Amino acid sequence: MNVLRTFMDRLSAWLESASANIKLVDQALSGMQGSYVELLTLLALGLLAVIPIIVPERHRQFYRRLNQCFGILIFIFVVYTCLGVFGMIRNFHRGLMEIGRENIIALYFCSVPLTVLVTSMIFGPTFCGWICPTGALQEFIAIPLKRWHRARRKAGWPCTPAVLTLTGLVTLVFLGWMAYLSVTRVFFVEDASVYWSEVLVILLFVLAFRMARWDKALRRLRWVSFAIIAAGAVAGWRITSPVHFTFSKVYDPASVLSTIMVVLGAILVPQIWCRYLCPWRETIAWAGRHSVRRLETRHDTCTQCGQCDSVCGVEAVHHGTVDPHECHLCLKCVDTCPTKAIRLVDQWKVEP
Ligand code: SF4
Ligand code: SF4
């Protein structure tokens, strides 16, 4: 027990020092009227949003992974005001409230969420599939488990001893870490990301037993998640989210724990956070409804082979039929389809 506590103490100390002063520049790139709007962030995010459009189709998934890696680095070393998926909603609300009073402050708080929303409106949910660091972490952890996930999906996500054991282990990590943190910390609303982790652990058990039955219905939890965060923003609560600790200079152990839970959860259920809990996923799906880029299936050339199903991490496609509300526009199905039945339609692109 003492060894474990020493390990946790060292890990916490390392995380605390690692999350201090890691931004590339001490202030955002350029000052405007005494305030600092995140111009470097806007430029970086704009670039990340444009890359998916200009990369060649050949080796597209390699470039996508690269873009995701840059996304992680940019959010850690450049972005100031994002503060994770929850913080973006809170900041957006705060920025909207400042319009007409302190327009530069309004721009400061709205800039990152607006960039994400506007690029989603134009280019579709590319942020989810190509940029989001939370999404990327979940995808990366699942790479070595690809075959296992495909087999489980094909078999209808059966409840097996391996799944139950892993679910139990993930729960133990959560309970043990909570017990460790509880010795020195009282959890307040600022630490609310741990409550999302609790929901995630409960989800893991439900999904371990009946994933095929509950998957679709549970995706509505994203709306609940969004409503709570939006209400919290209006009420002025400072709720932090998974991965928030990487954006902030203040060490946030609750966010560290919730990030670890999201990553561990994705071992059992691919993209578990995106599927069931991410409030931004709903917003981005809504924003991208009329984007210029969308997937189209030529059903006359689809052979119903199901290869697109097997590569999609969020089960947004079934035998060529894509659910645009769930799709992250990662284009894995487009690149995998042997008959090119699924294709990306870009209304702005002039066809040769
Ligand atoms: S991979 Fe292509 S051919 Fe196979 S089911 Fe999907 S769309 Fe149809
Ligand atoms: S449907 Fe295709 S593009 Fe959309 S998330 Fe699934 S694999 Fe990616």
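The structure displayed is predicted, hence computed values, not measured ones. Counting convention: from 1, in listed order, for ligands and their atoms alike.
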Determine whether a donor-acceptor pair (N or O, by modelled atom type, separation under 3.5 Å) exists between the side chain of R153 and the backbone of C312.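 Yes; judged by distance alone, with no hydrogens or angles, the pair exists.
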Considering all heavy atoms of both residues, which atom of [X] and which atom of [Y] are nearest to each other, and what is their separation?
{"X": "V163", "Y": "A208", "value": "CG1-CB, 3.8 Å"}
{"X": "G313", "Y": "Q271", "value": "O-CG, 3.8 Å"}
{"X": "W157", "Y": "R275", "value": "CZ2-NH2, 4.2 Å"}

Of all residues at least two apart in sequence or in a different chain, which pass the side chain to side chain contact (heavy atoms under 4.5 Å, CB included) check with H299?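 Only T297, T321 meet the side chain to side chain contact (heavy atoms under 4.5 Å, CB included) criterion with H299.
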Using the side chain to side chain contact (heavy atoms under 4.5 Å, CB included) criterion, which residues pair with I51? Sequence neighbours excluded.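 For I51 the side chain to side chain contact (heavy atoms under 4.5 Å, CB included) partners, ignoring immediate neighbours, are L47, V55, N67.
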Straight-line distance of I229 CD1 to F92 CZ, nearest 0.5 Å: 15.5 Å
Flag yes if V314 and V269 sit in one hydrophobic cluster, no otherwise; membership is Ile, Leu, Val, Met, Phe, Trp, Tyr, and two members link when side-chain heavy atoms are under 4.5 Å apart.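 No: no chain of side-chain contacts under 4.5 Å links V314 to V269.
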Using the side-chain hydrogen bond (donor to acceptor under 3.5 Å, both in side chains) rule, pick out the option among K340, Q61, H59 that qualifies with D335.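 Answer to the side-chain hydrogen bond (donor to acceptor under 3.5 Å, both in side chains) test with D335 among K340, Q61, H59: Q61.
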For distances below 2.8 Å, what is the count of protein N, O or S atoms around atom 8 (Fe) of ligand 1? 1
At distances under 2.8 Å, what protein N, O or S atoms surround atom 4 (Fe) of ligand 2?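 Listed by chain and number, the atoms are C327 SG.
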Decide yes or no on salt bridge (charged side-chain N to carboxylate O under 4.0 Å, His left out) for E296 and R298, but give the supporting numbers first. CA-CA 7 Å; E296 197 177 79; R298 285 171 296 192; over 6 Å; no
What are the atoms of ligand 1, with element, lying closer than 4.0 Å to any heavy atom of P338? 1 (S)
